[in-house]
Amino acid sequence: KRHKFWESQPVGQFKDLGDTSLPEGPIEAPTPLSEVKQEPYNLPTMYEWITCDIDSDEMCTEVYNLLANNYVEDDENMFRFNYSKEFLRWALHPPGYFKSWHIGVRVKSSKKLVAFITGVPARIRVRDEIVTMAEVNFLCVHKKLRSKRLAPVMIKEVTRRVHLENIWQAAYTAGIIIPTPITSCQYWHRSLNPKKLIEVGFSRLGPRMTMSRTIKLYKLPESTVTPGFRKMGLHDVPAVTCILRNYLSQFVVAPDFSEHDVKHWLLPTEGVIDSYVAESSETHEITDFCSFYTLPSSILGNKNHLTLKAAYSYYNVCTKTPLLQLMNDALIVAKQKEFDVFNALDVMHNDTFLKELKFGPGDGSLHYYLYNYRIRHTLKPSELGLVLL
Ligand SMILES: COc1cccc(CC(=N)NC(=O)c2cccnc2OC2CCNCC2)c1
């Protein structure tokens, strides 16, 4: 039976789509903490739960290796996300995080880590309501343990531990359709190193195109063009928070970032997150901001290249510089940093620059979901102001 698990969960159901009599907001009321299941869900006998302390280098390495060998692959199984250890520490240690939400499953006898799921707390605004949610991510079951129905029990366990912290909603994405997307985004890629992308099969040489013509098509200037364009620093946090909060206020669903959140999520961290501001030369105010995160992919089965170095568009705000120019500068710095490709979703105002900056459409979609929160109408991607890692 399709979606046996998700039809048992407090999520929007396909049959309810179009039923405007259902109110927008939480689907189930919180339960008293005393009534939340106190003990972990049962696992098959030979497995046990483990709380993963990402601060421990040994545990972080185990999590890194599980994901590097078993996490999400593209539709043609040519690439697999290869999140770095530093990225995982950044992604899992935002302000207010709970170690208990970093959940592993290991084999009792060998102590081998065979599954993982995480949550981090985030304040998300949905229209005029600010809701503290768990952003659930990194659900991974070892390839050898698939179709044992482990994922539903992992989802129930992270939900139970989130409930224990008196949080009743969650946000997550998936490449598959389950009940029920709040929006479905297309992803786009901008070639920075077309020769490598074609060699590894990420891109194909266009019809009537030669390699040299293709390299010329994607060539970028050596340096950025926006006056006052520079790396973000700690002293920019208040100004970036101000323009980012104002910019995100226009979207139906968006994070409610504090300065503390901006300091964690947007201050540059080498090899993890890059962020730039445009500072006006006369007024010294911060007028614009752009950022992208580093998420390489392992290349499966190419003898000359092991890794695809990919940048993922994060949050970008324009109050003075045209978005087209700011994003072209983001492409230029990504090329300077030897990224092979720059990826973006068609969320926020991204659709205004994708085609013009020579992004090509990806071959899949990324669907966004809320747990225990009904949105009356499916959103357009341009109404979404939330980027998950
Ligand atoms: C190129 O290597 C890949 C390795 C694994 C999967 C994919 C395709 C894919 N599924 N891409 C995305 O989900 C994607 C495309 C553009 C922007 N963000 C994305 O996903 C982010 C956000 C959700 N969590 C994964 C990273 C590509």
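Start at 1 and go down the list; that is how both ligands and their atoms are numbered. Index from 1, following the sequence.
Residues His377 and Glu383 have side chains that never bring a donor and an acceptor to within less than 3.5 angstrom of each other.
By the criterion of a heavy-atom distance under 4.0 Å, the backbone of Leu389, and not its side chain, is placed next to ligand 1. Heavy atoms of Tyr71 found under 4.0 angstrom from ligand 1: none, in either backbone or side chain. By the criterion of a heavy-atom distance under 4.0 Å, the backbone of Leu388, and not its side chain, is placed next to ligand 1. Only side-chain heavy atoms of Tyr187 come within less than 4.0 Å of ligand 1; its backbone N, CA, C and O stay farther off. Contacts between Trp188 and ligand 1 below 4.0 angstrom, taking non-hydrogen atoms only, are absent altogether.
Which parts of ligand 1 touch Leu295 is read off a 4.0 Å heavy-atom cut-off, strictly below it: atoms 26 (C). Per-residue contacts place Phe202 under 4.0 angstrom from the following atoms of ligand 1 (heavy atoms of the residue considered): 1 (C). Counting atoms of ligand 1 from 1 in the listed order, those under 4.0 Å from a heavy atom of Tyr83 are 24 (N), 25 (C), 26 (C).
Between Lys380 and Asp351 there is no salt bridge, since no side-chain nitrogen of the basic residue lies less than 4.0 Å from a carboxylate oxygen of the acidic one. Between Glu48 and Lys111 a salt bridge is recorded (basic side-chain N to carboxylate O distance below 4.0 Å).
With respect to Tyr64, the side-chain hydrogen bond (donor to acceptor under 3.5 Å, both in side chains) criterion is satisfied by exactly one of Asp57, Asn69, Asn82: Asn82.
Remark: distances from the non-hydrogen atoms of Tyr293 to ligand 1 include one below 4.0 Å.
Looking at ligand 1, you'll find an N or O of Ser297 within less than 3.5 Å of one of its N or O atoms.
Note: Phe251 and His349 meet the aromatic proximity criterion, with ring centroids under 6.0 Å apart.
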